[in-house]
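All ligand and atom numbering here is 1-based and tracks the order in the structure.
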Amino acid sequence: MSHAHRGQVRALYNRVTWRLYRGSNVRCNCCGTRFRRFRTYIGVGGHRALMCPRCGSLGRHRVDWLYLTERSDALLGPVSILHIAPEVCLESPLRTLPNVDYLSADYDSTLAMERLDLRNAHYADQTFDGVICNHVLQHIDDDRRAMTELRRILKPGGWALVQSAIDPSLERTVERPEPALAEDDSGRYEEVFMRLYGRDYRSRLAQAGFEVTVSEFAKEMAPALAGELGLDTEETIFFCRRPGSEDGEIASGADPGQPLSEQAISGHDQPK
Ligand SMILES: [Zn+2]
C-alpha cells in the first residue's frame, strides 16, 4: 500500500472513530479538539507515538504547529506557503488562516495539489515566503540538491521548516541504512530510507545556504502542558532561513561532515 493510500485509509478511519475518544483530558493544538486520551500509533522501529484521533497528528506534528504559531514569526502577516508531502493535520489549520496563500506538492501523493520533484523544482527563484518539508529529505537520493532547491525557491528572508528522522547517537549521517519496519492502521509496511541523519544534519542544511535555528523548546515546557498536548518532547525543530539582504554563499565545496563555525549557524533556540 502506497504512502498516499495509507494516509487516505487513516483519514477515513479517524473520521469514523474519533468521537469514541471524546473527553477533556488531552488536547490537540492542530485541530483544537479535546479527547479522553490520544490513540497509540506504532511508528518506525516500534516507536510508540500519541496520535490525535481526529486529525491524525502525532506528537511531533503538534510540536511543529506550536513552533509555527507561537514560537516564531512564520505565520505573521501575508505568507505564501509551499507544503511538501502535506500532512493533513498541518494542512487543515494552515488552510483556515486567511493570511496564508497555500500550495501543496508531492512526488507521488494524490493528496497534494501538485506533483513535485524536489531535486528539480518547477518553481521560479524566490517564489515562496515559507516552505514546510517534513520527513522528505531522508527519502531523496540527492538530498543536497533538494536542500539547495528549497533555498532557491524561497524569497530572501523566507523560512523553511525542514524536519527529518535523526538519530542523535550518530555523529555523522549514514547513507542507505537497512529498511525499517513501521506499522499503522493499515498494517505493517517497510519504510525505505536513503539515509539516516546524524548530528551533522544541521550543518548539512547550513551548507545549503540556510541560517538554521535549532530549538528543543518542547523539552523545556511545563510537563503538565506538554502531557496535555501529547507533545513529542524529543522533537528538535530545524527552522531554516534564507539570508535576507546579504545573501550568503553556498558552501557547496565544504566537507559534508565538517561542522561549520558557530557564526555560520545561528544560535541555539531563539524563540521570537
Ligand atoms: Zn487533531
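Take D101 and apply the side chain to side chain contact (heavy atoms under 4.5 Å, CB included) test, not counting sequence neighbours, and it matches S80.
In terms of heavy atoms, L94 sits closest to Y102 at CD1-CE1, 3.8 Å.
Under the 4.5 angstrom side-chain criterion for Ile, Leu, Val, Met, Phe, Trp and Tyr, the cluster partners of Y21 are W18, L20, V26, F35, F38, L50.
The closest side-chain donor-acceptor pair between R144 and Q207 falls under 3.5 angstrom. A donor and an acceptor atom, one from each side chain of H122 and E114, are located under 3.5 Å apart.
Listed by first and then second residue, the side-chain hydrogen bond (donor to acceptor under 3.5 Å, both in side chains) pairs that reach into residues 222-236 are R27-E228, R34-E228, Q163-E235, E216-T236, sequence neighbours excluded.
Protein atoms of type N/O/S that fall under 2.8 Å from the Zn ion (ligand 1) number 4 in this view.
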